[in-house]
**Q** 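Here it is, the structure in full.
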Amino acid sequence: MRPFAYERAHDAAGALAASAEAPGARYLAGGTNLVDLMKLGVEQPARLVDVSRLAMDTIEELPDGGLRIGANVRNSDLAVSASVRERYPLLSQALLSGASGQLRNRATVAGNLLQRTRCSYFQDVSKPCNKRAPGSGCPAREGDHRNLAILGHSPSCVATHPSTWPWRWWRSAARCTSSARAARARSRSEGCTGCRAPSPSATPCSGRATSSPRSS
Amino acid sequence: MSSEHTAHLQPTVLRINGAEHELVLDTRATLLDVLRERLDLTGAKKGCDHGQCGACTVLLDGRRANACLLLAVTLDGLDVVTIEGLAGDDAPHPLQEAFVEHDAFQCGYCTPGQICSAAGVLDEARAEGVALDDDEIRERMSGNLCRCGAYVNIVAAIAGVAR
């Protein structure tokens, strides 16, 4: 793992400022994906901005019947929330079908939306990957792609987004916080069902290799 | 030491099994590595080091977590319990006794993680009001792998404490 500076944010403004002053900074919440990718060398942030203690961990019922879910709500807590279990049981089941109890206890809602694909080529820095290094190629198209996209992929990338529950969530009436909404926009581009490559025959998909901070 | 290097070192107070440890930590150090390499607490094991096998499971503020994916500098002020701190001073934890009674291990490498995870499961089920039948135990313990295949007796041990 490459050396990095660490800063704990005490409020949202401080988190934004801490990431803005360090190019290549990443937000750290649960760390279940980001720390793993740092061990693999896929992520090499110069600075981690720890947002895990920000008070964005509540689930609110809205007057119109929706839910507002804080970015830092843990997957475990969302899954067993009484309002989610009663009104969105599919969401609860989807959450509980992902990862393990240990990981769900740490994983956050926003971080889950922001997690990167589990495509083995993306996670292996010795291999080409258009998502990680735009233009380098996509070995998954001809290689190990058993769990990758069947529909909606692009000529440059067949990766899928690893979360099960956000897809259900997007089709439910649940609402999300503005930060989670931003996460959702990013997450949509992670899965190649939402690939924004210019056209099916155009250049390798490069939209996902951004320099903006990502949460874990 | 250059400032470039000191930026990657952080003074941190870790509270492990009730004892506070004042440490200067490399920001890259995981809790698992600090436990094993700095504090001589070798109960939590390094299996996959990617959060998949559960051998490193500890309790963080009472909830089970994979120590291999926790950066130690982030844990300042939080309460960590490892297998070494699970029992009281006088007697083993009921889960430890149950694992012995039910022969719930062979090589024992995964056992500290299994027991810490099971302790978390018992608390979670209690808080949620869920009865732990065998299927529920299997599902909730699915983040702890045992390459010896002692699963049948692991379930029996946990069930014996849960009921």
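Note that the structure is a prediction, hence the values are computed from the model and not measured. Reminder, nothing fancy here: chain letters follow the sequence lines and each chain counts from 1.
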**Q** Let's go through B/Cys148 and B/Cys107 carefully: what are the C-alpha distance in whole Å and the side-chain angles of both, what is the deciding distance for side chain to side chain contact (heavy atoms under 4.5 Å, CB included) to 0.1 Å, and is it a yes or a no?
**A** CA-CA 7 Å; B/Cys148 300; B/Cys107 82; 3.7 Å; yes
**Q** Would you call A/Arg104 and B/Glu124 a salt bridge, taking side-chain N to carboxylate O under 4.0 Å as the test?
**A**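 The answer is no: the pair does not qualify as a salt bridge.
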**Q** Please state whether the side chain, the backbone, both or neither of B/Gln52 comes within less than 4.5 Å of a heavy atom of chain A.
**A**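 For B/Gln52, neither part sits under 4.5 Å from chain A.
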**Q** Minimum heavy-atom separation for A/Thr117 and A/Ala159, please, with both atom names.
**A**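 That would be OG1-CB, 3.5 Å.
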**Q** Please tabulate, for the side chains in residues 156-163 of chain B, all donor-acceptor contacts under 3.5 angstrom to protein atoms that are two or more places apart in sequence or on a different chain.
**A**
residue	atom	partner	partner atom	Å
B/Arg163	NE	B/Leu132	O	3.4
B/Arg163	NH2	B/Leu132	O	3.2
B/Arg163	NH2	B/Asp134	OD1	2.8

**Q** Among residues 74-93 of chain B, which residues come closer than 4.5 Å to chain A, judged by heavy atom distances?
**A**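 Residues in range: B/Thr74, B/Leu75, B/Asp76, B/Leu78.
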**Q** With only heavy atoms counted, which part of A/Leu96 is less than 4.5 Å from chain B, the side chain, the backbone, both or neither?
**A**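 It is the backbone, since no side chain atom gets that close.
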**Q** Between B/Val121, B/Val73, B/Val130, which has the largest tally of heavy atom pairs under 4.5 Å with chain A?
**A**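 Ranked by heavy-atom pairs under 4.5 Å with chain A, first place is B/Val73.
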**Q** Heavy atoms only, distances under 4.5 angstrom: which of B/Gly143, B/Gly51, B/Gly120 has the most pairs with chain A? Name it, please.
**A**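 Max contact count across the listed options: B/Gly143.
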**Q** Quick one about B/Gln10 and B/Thr27 (side-chain donor to acceptor, distance below 3.5 Å, no hydrogens or angles considered), yes or no?
**A**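 Note: B/Thr27 and B/Gln10 side chains miss the donor-acceptor criterion.
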**Q** In terms of heavy-atom pairs under 4.5 Å with chain B, which of A/Ser52, A/Gly101, A/Ala99 leads?
**A**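 Looking at each of A/Ser52, A/Gly101, A/Ala99 in turn, A/Gly101 comes out on top.
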**Q** With a 4.5 Å heavy-atom cut-off, do B/Tyr151 and B/Asn144 have their side chains touching?
**A**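 Side-chain contact under 4.5 Å: no.
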**Q** Just checking, any donor-acceptor pair under 3.5 angstrom between side chains of A/Asp36 and B/His50?
**A**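 Yes, a side-chain donor-acceptor pair sits under 3.5 Å.
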**Q** Could you point out which residue of B/Leu31, B/Leu9, B/Val34 forms a side-chain contact (heavy atoms from CB on, under 4.5 Å) with B/Leu25?
**A**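 Going through the options one by one, the only one that passes is B/Val34.
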**Q** If you tally heavy-atom pairs under 4.5 Å against chain A, which of B/Gly54, B/Ala127, B/Cys68 wins?
**A**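 Top count of heavy-atom pairs under 4.5 Å with chain A: B/Cys68.
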**Q** Can you find a side-chain donor-acceptor pair between B/Arg64 and B/Ser117 that sits under 3.5 Å?
**A**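 Result is yes, a qualifying pair exists.
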**Q** Specify which of A/Arg53, A/Met38, A/Arg106, A/Arg47 makes the most heavy-atom pairs with chain B at under 4.5 Å.
**A**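 Counting heavy-atom pairs under 4.5 Å, the top option is A/Arg53.
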**Q** For residues 40-52 of chain B, which residue pairs pass the salt bridge (Lys or Arg N to Asp or Glu O under 4.0 Å) check, not counting sequence neighbours?
**A**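 Matches after skipping sequence neighbours: A/Lys39-B/Asp49, B/Asp33-B/Lys46, B/Lys46-B/Asp49.
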**Q** Between A/Glu43 and A/Arg132, does any side-chain N to carboxylate O distance fall below 4.0 Å?
**A**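 A salt bridge is absent here (no side-chain N lies under 4.0 Å from a carboxylate O).
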**Q** In terms of heavy-atom contacts, does CZ of A/Arg118 have more than 12 from other residues, nucleotides or ligands at under 6.0 Å?
**A**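 It does: A/Arg118 CZ has more than 12 such atoms within range.
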**Q** A/Arg116 and side-chain contact (heavy atoms from CB on, under 4.5 Å): which single residue from A/Asn33, A/Leu34, A/Val42 fits?
**A**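 One option only clears the test, and that one is A/Asn33.
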**Q** Who in residues 75-83 of chain A is close to chain B, using a strict under-4.5 Å heavy-atom cut-off?
**A**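 Residues of residues 75-83 of chain A touching chain B at under 4.5 Å: A/Ser76, A/Asp77, A/Val80.
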